Amino acid sequence: MKSPREIDTMRRSGTITARVLENLILAARPGVSTGDLDALAEHQIRAASGVPTFKGYNGFPCSICTSVNEEVVHGIPGDRLLRDGDLLSIDIGTTFERYVSDSAVTIAIGNVSQTAQRLMRVTQECLMRGVAQMWVGKRLGDIGAAVQEHAEANGYGVVRELVGHGIGTKMHEEPHVPNYGTAGAGMELRSGLVLAVEPMITQSGHEVETLKDGWTVVTADGKLAAHFEHTIAIMEDGPRILTLRQSGEHPDASAYATQEWRAASLSGKGAA
Ligand code: MG
Ligand code: MG
């Protein structure tokens, strides 16, 4: 459990993550390489007095993960040029004053198929349905069940091998936060718990494989995948998304930001 002071620092960390991610979303277009996005992310995180959490994490070589099309998560940025019609997942983490924030989105590069658009929309909805469960007295299984139910109702698969997590001074803390589960089961949610919730949803089968680079996770059937993630604090009066962006959010998301955070954020005077 984090103190209010710790959560405030995490909010400031989350503000950096959210702003850099917004800029990456704007920069990602056909002809831009994933390595270009990585360089931009590292520069902007450091310019905001943060440290890119992923760089060097278990030997990961870059500041963000860029996963294209059938790649689910942990893609390594490099020379690959984004092409019209690609689905790009960007995952980013910032450490600021020792506290980590972690967030991810999947976006369309140029014009993508209706199929891809639907997968992105439903995955973002899965995240918000998970967040909506994050009230004191609810249980961990309520989050996973809400995500799984929405994904499967839409005919999609839920990746099992990778899960969300507690987060604080370390990127990955207890507990694990699966994107599947049984409502009413698991650990009780308490005020001060901060979790990274991150549904990884596939177009059909949920099996995944890891490529020979040791990092990139792909769908076993080669179909598309999408990934959305926020860092969220459970407060007495409900969930607070600490990595909320000012644009490109799910319509319900702003309901889960604090008034003061929103005011600071909208006036461009975020605490960071
Ligand atoms: Mg992440
Ligand atoms: Mg994460």
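As the structure lists them, so they are numbered: ligands from 1, and atoms in each ligand from 1. Bear in mind that the values here come from a model prediction, so they are computed numbers and not experimental data. When reading the values below, keep in mind they use all heavy atoms of this one structure, side chains included, and skip hydrogens, waters and symmetry mates. Throughout, numbering of the chain's residues begins at 1 and tracks the sequence.
Residue V197 is tested with T231, V163, I241, I232 for a side-chain contact (heavy atoms from CB on, under 4.5 Å); the sole match is I232. Of the options T106, D91, I201, a side-chain contact (heavy atoms from CB on, under 4.5 Å) to F228 is made by T106 and by none of the others. Just one of I92, V100, D102 meets the side-chain contact (heavy atoms from CB on, under 4.5 Å) condition when paired with T53; it is V100.
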Could you check E188 against R139 for salt bridge (charged side-chain N to carboxylate O under 4.0 Å, His left out), going step by step and ending with a plain yes or no? CA-CA 4 Å; E188 190 171 326; R139 291 183 178 269; 3.5 Å; yes

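Geometrically, R240 does not engage Y256 in a cation-pi contact defined by less than 6.0 Å to the ring centre and at most 45° from the axis.
Within the protein, the N, O or S atoms sitting under 2.8 Å from the Mg ion (ligand 2) are D102 OD2, H165 NE2, E198 OE2, E229 OE2.
In this view, T115 satisfies the side chain to side chain donor-acceptor pair (under 3.5 Å) rule with no residue, not counting sequence neighbours.
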